[in-house]
Peer 1: 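First the structure, which I've put down as structure tokens, then a few questions once you've had a look.
Numbers here are sequence positions counted from 1. Order of listing sets the numbers, starting from 1, for every ligand and every atom in it. Predicted model, so just to flag it, every value in this text is computed and none were measured. Basis for what follows: all heavy atoms, side chains included, without hydrogens, waters or symmetry-related copies.
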Amino acid sequence: MRRNLYDTDHEAFREVVQAFIKREVEPNAERWEAERNVDRAAWLAAGKQSIIGHLIPERFGGLGTEDYRFRAVVTEELAKVGAASVSSGFGLQDDIAIPYIVDLGTEEQLQRWLPPMASGEAIGAIAMTEPGAGSDLQGIRTTAVKDSEDWIVNGAKTFITNGINADLVIVVARTNPDAGSRGISLLVVERDMPGFSRGRKLDKLGLHGQDTAELFFNDVRVPAANLLGREGAGFVHLMERLPRERLSIAVMAAASARAAIGWTVDYTTQRTAFGQPIAAFQNTAFELASVVTETDVLEAYVDKAILSLNAGELTAVDAAKAKLWATEVQKRVLDRCLQLFGGYGYMNEYPIARAYADARVQTIYGGTSEIMKTIIARDLTGLRA
Ligand SMILES: Cc1cc2nc3c(=O)[nH]c(=O)nc-3n(C[C@H](O)[C@H](O)[C@H](O)COP(=O)(O)OP(=O)(O)OC[C@H]3O[C@@H](n4cnc5c(N)ncnc54)[C@H](O)[C@@H]3O)c2cc1C
């Protein structure tokens, strides 16, 4: 089905992204996967080419656009070359860290943090999850206690995307132990603050190029000037920004499914068995027909959500539906595509194998599928699941 999401500006930008990927990503992707890290040089190149920093106002060096379609172009092109690790790192920067700062930052914070984030010099992360609290964010134990004008932060976070490389970490901490969800605030911890340390690069099933890590805060003195948003409003700030984060994951899912179908059509039309291309077997043909139809339908849904975000109308419930549906379809499509590769589908040198492993986290991070269902069901019935 022909997609009509993009106009000529997006397609022109796509060529810039493709050139960036050819020059910076493709020659290095294997090494990044082995080293479990994306070079900082790639971030700097991405900054230079405006591959990242879209939302940052031009006066701070960004593209200054709220049109999410430019972000979707980056995600699609990275998916085509199987660079999910790069995509998740850039996505964290552009869809989470930067929007928090753009939306909530004081003028002084914008001036301090946005220019290096636009140029790729400063990599952002968000640290919500703790060893003992993920879905149940209100169970976090990291604390920030006032000491004259500063905050003293103590605690541990885990599974943090960009965790090793991050220069700015938006830390979700409890600033008032007696105020429940109204006792949570956001504090920006910077790279060299004494008491801030990083654990090991976590050994994951997929996303091997992603420097996902544990972070530790031991009496980290954070100046009042690094409080992001209002004291005690951290939970509300998080909730307000979830639609964009979840849409970003949904877009990644649709792009990954589309890319997988491309690889699978190429493979099944070339590989022969019993004297014919395997795509000529009715089962293969029907599988391809099913996955492409599911992906067309998914794209239409995700495209609608993108336009809805652009219009400022994407609700938390709609974003939860998009994330739930997109990531579950992605999982299904990748599994069925991999099957059509036979044994080669299980070999890491084939992009389908890595994409399959990379995809597995999509129904888990950014809120699990189960949590998406509780949000959707509560909206439907008015009852807490
Ligand atoms: C690769 C990767 C990158 C990540 N990046 C980040 C990051 O950058 N920043 C960050 O803060 N976090 C990050 N996370 C953490 C991620 O968001 C959490 O893992 C996720 O929210 C689930 O939390 P949990 O792991 O504690 O699982 P739990 O909350 O312990 O859930 C375990 C199981 O119980 C289910 N469950 C929990 N509550 C309910 C309920 N009410 N009803 C039904 N079922 C329920 C869950 O759905 C799940 O199946 C990342 C995780 C991974 C794996």
Peer 1: Check whether the side chains of Lys204 and Thr212 place a donor and an acceptor atom closer than 3.5 Å, and report yes or no.
Peer 2: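 Yes - a donor-acceptor pair under 3.5 Å links their side chains.
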Peer 1: Answer yes if the side chains of Tyr365 and Gln362 hold a donor-acceptor pair under 3.5 Å, and no otherwise.
Peer 2: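 Side chains of Tyr365 and Gln362: pair found under 3.5 Å.
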Peer 1: Where's the contact between Thr161 and ligand 1, heavy-atom distance under 4.0 Å: side chain, backbone, both or neither?
Peer 2: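 Thr161 to ligand 1: contacts from backbone and side chain alike.
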Peer 1: Output the list of atoms in ligand 1 that are nearer than 4.0 Å to some heavy atom of Thr368, sorted by atom number.
Peer 2: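 Checking each atom against Thr368, I get 22 (C), 46 (C), 47 (O).
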Peer 1: Identify the protein heavy atom lying closest to atom 42 (N) of ligand 1, giving its residue, its atom name and the separation to 0.1 Å.
Peer 2: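 The protein heavy atom lying closest is Thr374 CG2, 4.1 Å.
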Peer 1: Provide, to 0.1 Å, the distance between atom 53 (C) of ligand 1 and the closest protein heavy atom, together with that atom's residue and name.
Peer 2: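 Protein heavy atom with the smallest distance to atom 53 (C) of ligand 1: Val361 CG2, 3.4 Å.
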Peer 1: Can you find a protein heavy atom closer to atom 3 (C) of ligand 1 than 4.0 Å?
Peer 2: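 Yes.
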Peer 1: Are Trp263 and Tyr350 near enough that their ring centres are under 6.0 Å apart?
Peer 2: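 No, ring centres 6.0 Å or more apart.
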Peer 1: Checking contacts now, so for atom 34 (O) of ligand 1, which I'm interested in, is there any protein heavy atom under 4.0 Å?
Peer 2: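 Protein heavy atoms within 4.0 Å of atom 34 (O) of ligand 1 - there are none.
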Peer 1: Quick one: look up the protein heavy atom nearest atom 9 (N) of ligand 1 and list residue, atom name and how far away it is.
Peer 2: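 Going atom by atom, the protein heavy atom closest to atom 9 (N) of ligand 1 ends up being Ile126 O, 2.9 Å.
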Peer 1: Are side-chain N/O atoms of Arg23 and Asn28 paired as donor and acceptor at under 3.5 Å?
Peer 2: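 No.
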Peer 1: Ignoring angles and geometry beyond distance, decide whether Phe159 reaches within less than 3.5 Å of ligand 1 through its nitrogen or oxygen atoms.
Peer 2: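 There is such a contact, yes.
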Peer 1: Please confirm whether Thr129 comes within less than 3.5 Å of ligand 1 when only nitrogen or oxygen atoms on both sides are compared.
Peer 2: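 Right, the criterion is met.
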Peer 1: Less than 4.0 Å between atom 37 (C) of ligand 1 and some protein heavy atom, yes or no?
Peer 2: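 True for atom 37 (C) of ligand 1.
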Peer 1: Can an N or O of Glu370 be found at a distance shorter than 3.5 Å from an N or O of ligand 1?
Peer 2: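 For ligand 1, there is an N or O atom that lies under 3.5 Å from one belonging to Glu370.
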Peer 1: Assess, by modelled atom type and distance only, whether the side chains of Ser256 and Gln330 contain a donor and an acceptor separated by less than 3.5 Å.
Peer 2: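 Yes, because at least one side-chain N or O of Ser256 sits under 3.5 Å from a partner of the opposite role on Gln330.
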Peer 1: For Glu130 and Thr142, which I'm curious about, is there any donor-acceptor pair between the side chains at under 3.5 Å?
Peer 2: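 Short answer, yes.
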Peer 1: Hey, which atoms in ligand 1 end up nearer than 4.0 Å to a heavy atom of Met128?
Peer 2: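 Listed by number with element, the hits are 10 (C), 11 (O).
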Peer 1: Any chance the side chains of Asn310 and Glu66 put a donor and an acceptor closer than 3.5 Å?
Peer 2: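 Side chains of Asn310 and Glu66: no pair found under 3.5 Å.
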Peer 1: Report the nearest protein non-hydrogen atom to atom 20 (C) of ligand 1: residue, atom name, distance rounded to 0.1 Å.
Peer 2: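 Checking every protein heavy atom, the shortest distance to atom 20 (C) of ligand 1 gives Ile364 O, 3.6 Å.
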Peer 1: Which atoms of ligand 1 are found less than 4.0 Å from any heavy atom of Gly134?
Peer 2: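 In order of numbering, the contacting atoms are 23 (O), 24 (P), 26 (O).
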Peer 1: Which of the atoms in ligand 1, numbered in the order shown and given with their element, are less than 4.0 Å from a heavy-atom of Gly366?
Peer 2: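 Counting from 1, the qualifying ligand atoms are 17 (O).
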Peer 1: Could you say whether the N/O atoms of Leu207 and ligand 1 ever approach to under 3.5 Å?
Peer 2: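 There is no such contact.
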Peer 1: For the backbone of Ala225 and the side chain of Gln109, can you confirm whether one donor and one acceptor N or O come within less than 3.5 Å of each other?
Peer 2: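 Yes; at least one donor-acceptor contact below 3.5 Å.
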Peer 1: Would you say Asp103 and His237 are linked by a side-chain donor-acceptor pair, where the criterion is simply a distance under 3.5 Å?
Peer 2: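 No, because no side-chain N or O of His237 sits under 3.5 Å from a partner of the opposite role on Asp103.
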Peer 1: Any salt bridge (charged side-chain N to carboxylate O under 4.0 Å, His left out) pairs touching residues 280-291, not counting sequence neighbours?
Peer 2: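 Salt bridge (charged side-chain N to carboxylate O under 4.0 Å, His left out) check on residues 280-291 returns Glu287-Arg336.
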Peer 1: With no hydrogens and no angle check, just 3.5 Å: does a side-chain donor-acceptor pair link Asn37 and Trp32?
Peer 2: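 Checked: Asn37/Trp32 side chains show no N/O donor-acceptor pair below 3.5 Å.
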Peer 1: Would you mind running through ligand 1 and noting each atom that sits below 4.0 Å from a heavy atom of Ser135?
Peer 2: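 Under 4.0 Å from Ser135, ligand 1 has these atoms: 22 (C), 23 (O), 28 (P), 29 (O), 31 (O), 37 (C), 38 (N).
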Peer 1: Under 3.5 Å, is there a donor-acceptor pair between the Ser369 and Glu328 side chains?
Peer 2: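 A pair is found: one side chain offers a donor N or O, the other an acceptor, under 3.5 Å apart.
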Peer 1: Within the structure, does Thr158 bring an N/O atom to less than 3.5 angstrom of an N/O atom in ligand 1?
Peer 2: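 In fact, backbone or side chain, Thr158 has no N or O that close.
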Peer 1: Are there protein heavy-atom neighbours of atom 30 (O) of ligand 1 below 4.0 Å?
Peer 2: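 False for atom 30 (O) of ligand 1.
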Peer 1: Quick check on contacts: which atoms of ligand 1 are under 4.0 angstrom from a heavy atom of Ile371?
Peer 2: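 What qualifies from ligand 1 is 38 (N), 39 (C), 40 (C), 41 (N).
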